[in-house]
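Report on the following structure.
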Number of protein chains: 2
Amino acid sequence: MSSCDLCVVRNRAICSALDAKELEALNAIGRTRTIAPGESLIWEGEDSVLVANVIDGVLKLSTNTEDGREQIVGVVYPSDFIGRPFGGTTGHGVTALTDAKVCVFSRRDFDAFAREHPALEHKLLERTLGELDRTRRWMLLLGRKSASEKLASFLLEMAERLVGQGCSFDFEMPNQKRVTLPFSRQQIADVLGLTIETVSRQFTRLKNEGIIDLPSRRDVTILDLAALTAEAG
Amino acid sequence: MSSCDLCVVRNRAICSALDAKELEALNAIGRTRTIAPGESLIWEGEDSVLVANVIDGVLKLSTNTEDGREQIVGVVYPSDFIGRPFGGTTGHGVTALTDAKVCVFSRRDFDAFAREHPALEHKLLERTLGELDRTRRWMLLLGRKSASEKLASFLLEMAERLVGQGCSFDFEMPNQKRVTLPFSRQQIADVLGLTIETVSRQFTRLKNEGIIDLPSRRDVTILDLAALTAEAG
DNA sequence: CGTTAAGTTGATAGGTTTCAACATACGTGG
DNA sequence: CCACGTATGTTGAAACCTATCAACTTAACG
């Protein structure tokens with residue numbers, strides 16, 4: 001029995017394109033790996049040597065300027081695909097934000113396997129097109145939104161993406177959502193293109209206005225979803 | 001003889017994955033269309049009804065906030081692919097910046113054709129992965145770079161992408177490149193997440209420092225490539 | 001040649017960053 | 001289990017960069 005049968009993302013990751021026999025072949029060239037928070041799987045600028053599926057946890061994709069400024073260019077969750085198949089160098093590092101488990105393949109092996117399995121490539125294409133859509137939407141935020149709009153948009157996206165990921169709890173209260181963020185304040189700043197101080201100020205402002213509550217540093221309760229949506233611009 | 005045989009992007013667009021017979025079948029479901037500057041092919045928010053290949057010209061992909069701020073999220077050139085295959089709604093409008101010629105397909109027809117031709121889907125996947133890389137690199141610019149760094153980066157990218165596109169001329173001078181921009185000042189501002197005034201000021205500053213020359217509003221000559229690269233951060 | 005759109009320049013205001021001090025949470029070892 | 005030291009986050013004041021508003025200039029087109 002291939003270990004994929006037990007995989008929790010079996011039906012959501014690109015692997016869902018494969019039947020049992022194909023899956024066994026894919027499993028043969030992959031291996032699972034755990035990553036601790038802060039640990040990197042891929043470094044910016046190195047040529048693409050491996051790709052992976054996220055099984056559990058949250059990871060960031062980030063680039064840096066020469067003088068050390070950082071921009072998080074993507075965040076990946078369970079069932080998402082990591083890495084750059086089909087040549088080229090990796091434009092961004094991949095680092096775990098939480099304890100994470102990934103299913104790793106050598107890029108060469110994966111490339112060869114993918115080219116022989118069009119259904120897998122199709123899943124990967126759909127996933128990549130979706131990721132491109134999401135990334136472009138984020139550009140509007142980075143280029144045109146104010147700090148308050150940025151944080152509100154961020155919290156709304158978090159509330160949406162973390163539901164059912166084990167990182168959030170839905171209270172029975174209508175319009176109330178409690179989310180445990182997988183990000184530090186600095187990381188939120190790096191996602192939004194702001195400084196940590198500005199992020200902090202916006203958090204306390206939203207709290208003072210009764211739109212959110214902050215039970216702890218990593219937890220946010222959305223008290224007034226409509227107001228938060230209005231803030232998002 | 002299929003009209004694709006005469007197509008100038010035949011060997012660069014995703015069509016290059018197809019043999020003569022397949023190409024004829026693809027040609028049967030597509031048609032060419034010309035677009036005037038400022039005219040749109042796709043509107044933001046509508047569900048995806050068509051896709052296309054760019055044959056000639058330059059087009060922008062853009063999104064707007066409710067209150068009218070615009071962000072250009074991508075720029076496409078000859079041989080690039082436009083649109084969102086495999087369902088979903090279009091997250092951004094597509095508008096011609098110059099006179100443009102495109103090869104248009106109904107999305108439904110294209111989807112069906114693509115699913116039967118894995119080689120075509122593979123080309124599309126490679127193109128989409130490349131576009132995602134480019135888009136993520138642009139996020140660093142939007143989120144973390146200053147106005148001067150933004151404009152310098154923009155000019156360098158233009159110098160690179162417009163070479164051999166009929167929009168630029170290489171003088172024999174080493175390190176000197178003359179580029180005819182397909183953008184107005186406002187459009188440059190919308191690419192960089194700035195205002196038109198800030199863009200204008202940065203242009204004149206670079207000119208006063210002898211790094212570039214501005215023969216006309218649409219033309220830029222890069223006089224000192226090294227200095228411009230340094231400005232780009 | 002006049003009209004209009006596009007771009008430039010200047011003065012001012014505003015938002016975000018920067019620098020600094022302080023507060024709070026976290027982990028480790030006594 | 002508490003104390004301490006460190007990392008993380010918050011708050012304040014000032015500086016800086018970019019946006020805004022307004023006037024002016026230049027180029028494009030009939």
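All heavy atoms count here, side chains included; hydrogens, waters and symmetry mates do not. Model, not experiment: these values are computed from the prediction. Chain naming here is simple, since letters A, B, ... match the order of the sequence lines and numbering starts at 1 in each.
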Item to check | Distance-only polar pair, side chains of A:D219 and A:T180, donor-acceptor under 3.5 Å | outcome: yes

Next on the checklist: I'd like to know if the side chain of B:T95 pairs up with that of B:S40 as donor and acceptor (distance under 3.5 Å, no hydrogens or angles considered).
Outcome noted: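 The answer is yes; a qualifying pair exists.
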
Item to check | Segment of DNA chain C, first to last nucleotide, that comes within the 4.0 Å heavy-atom reach of chain A | outcome: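 The contacted stretch runs from C:dT16 to C:dA25.
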
Next on the checklist: Heavy-atom count check: over 12 atoms from other residues, nucleotides or ligands less than 6.0 Å from A:E160 CD?
Outcome noted: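 At most 12 heavy atoms, drawn from other residues, nucleotides or ligands, come within 6.0 Å of this atom.
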
Next on the checklist: Ring-plane angle category for B:F183 and B:F154, please: parallel below 30°, perpendicular beyond 60°, tilted otherwise.
Outcome noted: perpendicular

Checklist entry - Of all heavy-atom pairs between B:K150 and B:K145, which one has the smallest distance, and what is that distance? => result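 Smallest interatomic distance, heavy atoms only, reads CE-O, 3.4 Å.
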
Item to check | A:R12, A:R134, A:R127 screened by salt bridge (Lys or Arg N to Asp or Glu O under 4.0 Å) with A:D80, the one that passes | outcome: A:R127

Checklist entry - Which parts of residues 192-210 of chain B get close to DNA chain C, meaning a heavy atom less than 4.0 angstrom away? => result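 Going residue by residue through residues 192-210 of chain B, the ones with a heavy atom under 4.0 Å of DNA chain C turn out to be B:E197, B:S200, B:R201, B:T204.
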
Next on the checklist: Please evaluate residues A:V9 and A:Y77 with respect to the criterion side-chain contact (heavy atoms from CB on, under 4.5 Å), reporting the C-alpha separation (whole Å), side-chain torsions for both, the decisive distance (0.1 Å), and the verdict.
Outcome noted: CA-CA 11 Å; A:V9 297; A:Y77 300 88; over 6 Å; no

Next on the checklist: Using a 4.0 Å cut-off to any heavy atom of chain B, which nucleotides of DNA chain D are the first and last in contact, reading 5' to 3'?
Outcome noted: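 Taking any atom under 4.0 Å from a heavy atom of chain B, the span is D:dT18 to D:dA27.
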
Next on the checklist: For a quick check of understanding: with a heavy-atom distance under 4.0 Å over all strands, which category does A:R217 fall into, base, sugar-phosphate or nothing?
Outcome noted: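 Since a base atom lies under 4.0 Å of A:R217, the category is base.
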
Next on the checklist: Any base atoms under 4.0 Å from A:S184, or only sugar-phosphate, or nothing? Heavy atoms, all strands.
Outcome noted: sugar-phosphate

Item to check | B:E44: side-chain hydrogen bond (donor to acceptor under 3.5 Å, both in side chains) partners, not counting sequence neighbours | outcome: none

Item to check | Ion pair B:R137/B:E157, N-O distance below 4.0 Å | outcome: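 Looking at B:E157 together with B:R137, the answer is no, because their closest N to O distance does not fall below 4.0 Å.
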
Item to check | Sorted by number, the residues of residues 144-156 of chain B with heavy-atom contact under 4.0 Å to DNA chain D | outcome: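 Within residues 144-156 of chain B, the residues near DNA chain D are B:S146, B:A147.
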
Checklist entry - Okay, side chain of A:T135, backbone of A:E131: is any donor-acceptor separation there less than 3.5 Å? => result yes

Checklist entry - side-chain contact (heavy atoms from CB on, under 4.5 Å) with B:K101: which residues, sequence neighbours excluded? => result B:T34, B:I55, B:D56

Checklist entry - Any side-chain heavy atom of A:I35 within less than 4.5 Å of one from A:L59? => result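 With C-beta onward as the side chain, the pair touches.
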
